[in-house]
> 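Quick one: this structure, given as structure tokens, is what I'll be asking you about.
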Amino acid sequence: TQSTRPQRLLGAVQKNATRGDPCSVVKAIDHFCRHKEWAMNVGDEKGCILDSVVSEINPATVLELGTYCGYSTVRIASRLPPHAKLITLEFNPDFAVIARQVIAWAGVEEKVQLVEGASGDWIPKMKEQFGIKTFDLVFLDHWKDRYLPDTKLMEECGLLRKGSVLLADNVICPGTPEYLEYVRNSPRYESRYFKSHLEYTKVEDGLEKSVFLG
Ligand code: SAM
Ligand code: MG
């Protein structure tokens, strides 16, 4: 039977990365995606921006929307302080199976809870199901038309506090115009663009970091 791209990506991790070494897992995936097959990970260039935001915030609670193969999950989890928790949502079960193995290979599974299902279904249940009060950081990287409705849903559900940070990927490519217009013009956010490139390409893309002001 034919293998899928996520399966081949996992194969590259198992062949080239050291168990328990998140940095080597990230490197193996970047090498595979730059030289063999492109895949929709945040990638090395925007990944450095993601790393610096995680380190700056030093969050105790993180929500990631869109796990795919767990690349950004590993990047974020490996920079979290002890006892911090990262919940990552993925609605494609084939991707979730791969991501669990990538996360375990990196040795960060204790910090990560991978939840299978759609963001719109899970966000309203976060408080009761996972005992979350608010998220210190949310990384938005799922389907682009969900950024705005899910942000409004997180606001309604009381998952954001004054100072919570939303970090959104792909705001230029493929682009999230309604979301950008919202966070840049709403008095409830202070928003800033970090210019970069679409993963593994020279095409402009970037991350938008938006601080919720309450
Ligand atoms: N964050 C990952 C990384 O950088 O390594 C890449 C995530 S990929 C760009 C987007 C993922 O979001 C896909 O795997 C897709 O199945 C998932 N997804 C899209 N919409 C979703 C939703 N509403 N709820 C849960 N998962 C979703
Ligand atoms: Mg992305």
Side-chain angles (χ1 to χ4, degrees), residues 4-7 9-10 12-13 17 22 25-34 37-51 53-54 62-79 86-103 105-106 108 112-126 129 137-154 159 166-176 179-180 193-201 203-209:
T4 63
R5 179 172 308 179
Q7 287 168 341
L9 183 152
L10 173 64
V13 167
V25 170
V26 165
K27 253 194 194 159
I29 296 174
D30 283 329
H31 188 272
F32 176 79
C33 293
R34 204 171 267 289
E37 299 181 47
W38 184 93
M40 59 180 165
N41 322 119
V42 69
D44 41 9
E45 196 185 335
K46 287 181 292 176
C48 289
I49 301 169
L50 171 63
D51 294 350
V53 170
V54 173
V62 185
L63 175 63
E64 174 175 71
L65 301 177
T67 318
Y68 187 45
C69 298
Y71 172 90
S72 53
T73 313
V74 168
R75 267 195 110 113
I76 296 167
S78 67
R79 279 169 183 80
L86 164 58
I87 296 177
T88 182
L89 296 187
E90 176 53 59
F91 67 13
N92 182 322
D94 297 330
F95 297 164
V97 163
I98 300 296
R100 284 187 201 285
Q101 295 173 79
V102 169
I103 291 162
W105 198 275
V108 295
V112 176
Q113 184 156 14
L114 196 170
V115 177
E116 287 184 51
S119 51
D121 295 333
W122 274 115
I123 287 170
K125 298 186 201 154
M126 282 287 152
Q129 290 282 319
L137 173 64
V138 180
F139 180 51
L140 297 94
D141 193 21
H142 54 336
W143 294 159
K144 307 314 157 192
D145 60 353
R146 288 302 308 179
Y147 284 28
L148 183 55
D150 284 343
T151 294
K152 290 180 174 168
L153 196 54
M154 289 188 287
L159 288 169
L166 306 184
L167 188 66
D169 189 26
N170 307 109
V171 296
I172 304 300
C173 183
T176 58
Y179 174 80
L180 272 193
Y193 176 60
F194 290 78
K195 186 175 170 173
S196 185
H197 297 95
L198 179 69
E199 49 267 29
Y200 317 115
T201 76
V203 175
E204 184 181 340
D205 187 25
L207 297 166
E208 185 83 4
K209 178 189 174 196

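Note: hydrogens, waters and symmetry copies are ignored here, and every other heavy atom, side chains too, is used. Read the numbers this way: they start at 1 and go in the same order the structure lists the ligands and their atoms.
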> Looking at side-chain heavy atoms only, is the closest gap between Glu199 and Cys33 below 4.5 Å?
no

> Looking at every heavy atom in both Val171 and Tyr193, which two are closest together, and how far apart are they?
CG2-CE1, 3.8 Å

> Between Phe91 and ligand 1, is there a nitrogen or oxygen pair with a distance under 3.5 Å?
yes

> May I ask you to check if ligand 1 and His142 share an N or O to N or O distance below 3.5 Å?
no

> N/O of Phe139 under 3.5 Å from N/O of ligand 1, yes or no?
no

> Do you know which two heavy atoms are closest between Pro6 and Ile98, and how far apart they sit?
O-CG2, 3.5 Å

> How far is atom 4 (O) of ligand 1 from its nearest protein heavy atom, and which residue and atom name does that atom have?
Val42 N, 2.7 Å

> Under a 4.0 Å heavy-atom limit, does Asp169 contact ligand 1 with its side chain, its backbone, both, or neither?
neither

> In ligand 1, which numbered atoms sit nearer than 4.0 Å to a non-hydrogen atom of Asn41?
3 (C), 4 (O), 5 (O)

> Atom 24 (N) of ligand 1: which protein heavy atom is closest, and how many Å away?
Ser119 N, 2.9 Å

> Indicate the ring-plane relationship of Tyr68 and Phe95, choosing parallel, tilted or perpendicular according to the 30° and 60° boundaries.
perpendicular

> May I ask you to list the atoms of ligand 1 that are less than 4.0 angstrom from any heavy atom of Phe95?
14 (O), 16 (O)

> Please answer whether the main-chain N or O of Leu140 pairs with a side-chain N or O of Tyr147 as donor and acceptor at a distance below 3.5 Å.
yes

> Does Glu90 reach ligand 1 with a nitrogen or oxygen that is under 3.5 Å from one of the ligand's nitrogen or oxygen atoms?
yes

> Name the option, out of Cys33, Gly117, Gly66, that contains the heavy atom nearest to atom 25 (C) of ligand 1.
Gly117

> Measuring from the Mg ion (ligand 2), name the closest N, O or S atom belonging to Asp169.
OD2

> Counting only nitrogen or oxygen atoms and a 3.5 angstrom limit, does Ser72 reach ligand 1?
yes

> Based purely on interatomic distance, does Lys144 place a nitrogen or oxygen under 3.5 Å from a nitrogen or oxygen of ligand 1?
no

> Any side-chain heavy atom of Arg75 sitting closer than 4.5 Å to one from Asn41?
no

> For Val115, does its backbone N or O pair with a side-chain atom of Trp122 as donor and acceptor, under 3.5 Å?
no

> Can a salt bridge be assigned to the pair Arg34 and Glu45 using a cut-off of 4.0 Å between side-chain N and carboxylate O?
no

> Quick one: closest heavy-atom pair of Leu153 and Gly120, and the distance?
CD2-O, 3.8 Å

> Among the N/O/S atoms of Asp141, select the one at the shortest distance from the Mg ion (ligand 2) and name it.
OD1

> Give me the nearest non-hydrogen protein atom to atom 10 (C) of ligand 1 as residue plus atom name, then the distance to 0.1 Å.
Asp141 O, 3.1 Å

> The Mg ion (ligand 2) and Asn170: any N/O/S contact shorter than 2.8 Å?
yes

> Are any side-chain N or O atoms of Asp141 and backbone N or O atoms of Gly66, one a donor and one an acceptor, separated by less than 3.5 Å?
no

> Can you list the ligand 1 atoms lying under 4.0 Å from a non-hydrogen atom of Tyr68?
6 (C), 7 (C), 8 (S), 14 (O)

> Is there a donor-acceptor pair closer than 3.5 Å between any side-chain N or O of Thr67 and the backbone N or O of Leu89?
yes

